[in-house]
Amino acid sequence: MTIPIDVETKHRIVVVLLWLAALVALAVLAFIIAVVLWNGLPAVTLSFLLESPRDMGRAGGIFPMVVSTVAVTLLAVIVAAPLGVGTAIYLTEYTSETALTRVIRFGAECLAGVPSIIFGLFGFIFFVIQLGMGWSVLSGGLTLAVMILPTVMRTAEEAIRAVPESFREASFSTGASRWQTVTQVVLPSALPGIVTGVILGVGRGVGETAAVIFTAGSSLHIPTSIFSPARTMAVHFYILAREGISMRHAYGTAAVLVILILAINTAANWLMLRFQAKQG
Amino acid sequence: MTVARREKAIERALLVSALSAVSMLALIAAFILIEGAPVMLRHGISSFLAGTRWAPTKGSFGILPMIVASVVVTLGAMVIAVPLGLSCAVFLAEIAPRRAANFLRPAIQLLAGIPSVVYGFVGILFLVPLIRENLGGPGLSVLAAVVILGVMVLPTLIGIAEDAIEAVPRTYKEGALALGCTHAQAIRRVILPAARGGIIAAVILAMGRAVGETMAVIMVIGNAAIIPCSVLDPARTLTSNIALEMGYAAGDHQKALFATGVVLFAFIMVLNSIATMRIVRGRR
């Protein structure tokens, strides 16, 4: 015999279960962050951040990896941001829904779903081999640029769409051209949203391993130009952890990575909230 | 240059940048195919796809074990992610007080920001020993990959499913409540069915994420290129096959890894196309 449960109790059970699901997701996040910071922070000192690694990373620090990560990600953003924002401007300001825009959007959606290892394969065969760039900051940065392009594009499009139509009408009524309206009116008000997208792209780039390990390489030296090979922090962490080189330094690198990601996400969120508040 | 001509030039430049994503996608597909297809054809597509022996240095390129592993791991991840993720999405859209939702939403997005290598690392340190000591086997296993992926795809699933639930017109819910439904009944009988299309898209996209995940899987799945007999056995997915051997492969071996990439790419494109079409249809 089943115990009869009235609808009110059932409703309460459902609500409790839903709260639980949310708490489980939160708990997993908290666990991962806590484990990494707890074990990693003791290894993170100023000299860890500012020294070169010695003995394959068993001793010394991660300075070259910090430089490589910044270089590769910066290059990716420099390439992806104009393309992504350009696409967003074209889609919102210069055209209406046509077969072409559907193709553009479908392409971006698909590109967003392509796994990072495929970007790695493509970057290797196209940038490293075909274009002769070798394992370099350039190859890694361009590969990452392709990878973060959909993120930048989508966020920029949303931000630009959120700019009220009346702004544009007011601009046109003063005799401004379309491009003048875009640069003087639309982009400034959409800027926080666009920057959020770029920051999210940076976050993806910083944490990426599969796409950069076969394109930027895994040299332990500080890259001296965009043609030098480089090892990003995520790649360094992967090699330390997988080959069991140094637990302490693996944790330390992971802690730096996680703190960076936390900072990047917080910045993006803060900007987004401010942007939304301004839009009303 | 006159204003009109300048405007025209700018429009053309913008169009070119707008085509960048599509052309990159085409370029990726073309290069992976050009590199991967010949070796597949030379050894026979069926012996490549259905062959069970992967010994690339001896000229055997059978990737069936990797296909099986990728499919099993992906479906397994859904067993964890779908109930948990859907519950979170319903919670965010319907139950959560505003402040809780405003805290939880960025937290879940943060879960997407954590690098996959970090997931793999935490998996090796905690999950793998847990499985080894309590369930047996080497610990590095399909199950470990399933759990890690189940967590990793949550942000994708929750984000899109929540959008779908929030897109259900308020009147549906109000109607259900007016008829005397409890909130829970309204969610189950009215809101979820109305959001079905978007929810299915969310699940499919999450599957795409799981199929494509590489570094976290490599670290916890054990990477043996054999068809796993139980969830406690080690296995090797399509993605880990590529990433493990790209570093040193040459000649036909390297081409066979690109061929593995072709299969992976095909999987992803099918999943993405289904999901994208569903989302687009849902919007209309």
Side-chain angles (χ1 to χ4, degrees), chain A residues 7-8 10-11 14-15 17-19 21-22 24-26 28-29 32 35-36 82-83 86-87 89-91 94 103-104 106-111 113-118 121-122 125-126 146 149-150 153 177-179 203 207 209-210 214 234 237-238 241-242 250 254 257-258 261 264-265 269, chain B residues 3 6-7 10-11 13-15 17-22 24-25 27-28 31-32 35 84 87-88 90-91 95-96 104 106-111 113-118 121-122 124 151 154 182-185 205 208 211-215 219 239 242-243 246 258 261 264-265 268-269 272 276:
Chain A
V7 280
E8 273 305 309
K10 240 185 194 167
H11 173 70
V14 170
V15 170
L17 284 178
L18 291 177
W19 269 97
V24 167
L26 263 188
V28 171
L29 177 71
I32 293 174
V35 162
V36 170
L83 284 179
T87 307
I89 294 172
Y90 183 77
L91 287 177
Y94 282 82
V103 170
I104 291 172
F106 181 75
E109 294 286 337
C110 284
L111 199 62
V114 170
S116 51
I117 184 71
I118 296 279
L121 280 181
F122 166 72
I125 205 68
F126 187 64
V146 182
L149 183 59
M153 188 187 130
S177 72
R178 193 163 282 277
W179 182 242
T209 311
F214 303 123
F237 166 63
Y238 172 69
R242 184 151 168 78
L257 263 181
V258 165
I261 297 289
I264 288 169
N265 271 276
N269 266 315
Chain B
V3 175
R6 213 188 59 174
E7 288 285 317
I10 288 168
E11 184 172 345
L14 288 173
L15 175 61
S17 74
L19 291 172
S20 59
V22 180
M24 274 335 230
L25 185 73
L27 211 57
I28 292 172
F31 267 90
I32 306 278
E35 287 297 307
L84 191 57
S87 305
C88 285
V90 170
F91 178 78
I95 305 287
L104 191 62
I108 285 169
Q109 286 320 304
L110 190 59
L111 217 44
I114 291 181
S116 50
V117 276
V118 172
F121 189 55
V122 173
I124 295 185
V151 173
L154 279 179
T182 63
H183 194 181
Q185 284 169 330
L205 282 179
V211 173
E213 179 48 47
T214 312
M215 299 327 261
M219 292 167 90
T239 52
I242 301 170
M246 258 314 275
F258 276 91
L264 177 64
F265 196 73
I268 295 287
M269 287 308 283
N272 277 346
T276 309

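Contact count versus chain A (heavy atoms, under 4.5 Å) is highest, among B:Val211, B:Leu19, B:Ile28, for B:Ile28. If you tally non-hydrogen atom pairs under 4.5 Å between each of A:Cys110, A:Gly203, A:Ala254 and chain B, the highest count goes to A:Cys110. Considering only heavy-atom pairs separated by less than 4.5 Å from chain B, the leading option among A:Leu26, A:Val36, A:Leu17, A:Val15 is A:Leu26. For the set A:Asn265, A:Leu121, A:Val24, the entry with the most heavy-atom pairs within less than 4.5 Å of chain B is A:Leu121. Between chain A and the residues B:Ser116, B:Ala13, B:Gly261, B:Ala243, the largest count of heavy-atom pairs under 4.5 Å involves B:Ala243. Your options are B:Val151, B:Val118, B:Ile124, and the one with the most heavy-atom pairs under 4.5 Å with chain A is B:Val118. With chain B as the partner, the residue from A:Val14, A:Ile32, A:Val28 showing the most heavy-atom pairs under 4.5 Å is A:Ile32. Per-residue heavy-atom pair counts under 4.5 Å with chain B were compared for A:Pro150, A:Ser116, A:Ala234, A:Ser177, and the maximum is reached by A:Ser177. Chain A forms the most heavy-atom pairs under 4.5 Å with one residue out of B:Ile108, B:Ile95, B:Leu27, B:Val122, and that residue is B:Leu27. Counting heavy-atom pairs closer than 4.5 Å to chain B, the top residue among A:Pro115, A:Ala108, A:Pro82, A:Gly107 is A:Pro115.
The distance from the CD atom of B:Glu35 to the CD1 atom of A:Ile125 is 3.5 Å, given to the nearest 0.5 Å. The distance from the CG atom of B:Asn272 to the CD atom of A:Glu109 is 8.5 Å, given to the nearest 0.5 Å.
In this structure, chain B has a heavy atom under 4.5 Å from the side chain of A:Leu257, while its backbone stays farther away. Heavy atoms closer than 4.5 Å to chain A are found in the side chain of B:Leu104, but not in its backbone. Using a 4.5 Å cut-off between heavy atoms, A:Val103 touches chain B through backbone and side chain atoms alike. Interface remark: A:Tyr94 contributes backbone and side-chain atoms alike to the contact with chain B (heavy atom separation under 4.5 Å). For B:Met246, the parts lying under 4.5 angstrom from a heavy atom of chain A are both the backbone and the side chain. Both the backbone and the side chain of B:Ile114 come within less than 4.5 Å of a heavy atom of chain A. Interface remark: A:Leu29 contributes backbone and side-chain atoms alike to the contact with chain B (heavy atom separation under 4.5 Å).
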Before giving the answer on side-chain contact (heavy atoms from CB on, under 4.5 Å), spell out for A:Val114 and B:Phe265 the whole-Å C-alpha distance, their side-chain angles and the decisive distance to 0.1 Å. CA-CA 7 Å; A:Val114 170; B:Phe265 196 73; 4.0 Å; yes
Can you list the steps and then say if A:Met153 with A:Leu91 is a side-chain contact (heavy atoms from CB on, under 4.5 Å)? CA-CA 10 Å; A:Met153 188 187 130; A:Leu91 287 177; 4.1 Å; yes
Check against side-chain contact (heavy atoms from CB on, under 4.5 Å), B:Ser20 and A:Leu149: CA-CA 9 Å; B:Ser20 59; A:Leu149 183 59; 3.6 Å; yes
Determine, stepwise, if the pair A:Arg178 / A:Ile89 fulfils side-chain contact (heavy atoms from CB on, under 4.5 Å). CA-CA 11 Å; A:Arg178 193 163 282 277; A:Ile89 294 172; over 6 Å; no
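The two atoms that bring A:Ala25 and B:Cys88 nearest to each other are CB-SG, 4.0 Å, heavy atoms only.
Judged purely by atom type and a 3.5 angstrom limit, A:Thr87 uses its side chain to pair as donor or acceptor with the backbone of B:Ser17. Side chain of B:Glu7 to main chain of A:Trp179: a donor-acceptor pair is present (N/O by atom type, distance under 3.5 Å, no hydrogens or angles). A side-chain donor-acceptor contact under 3.5 Å links B:Thr239 to the backbone of B:Glu213.
A:Phe106 is not listed as a side-chain neighbour of B:Val22, based on a closest heavy-atom distance of 4.5 Å or more.
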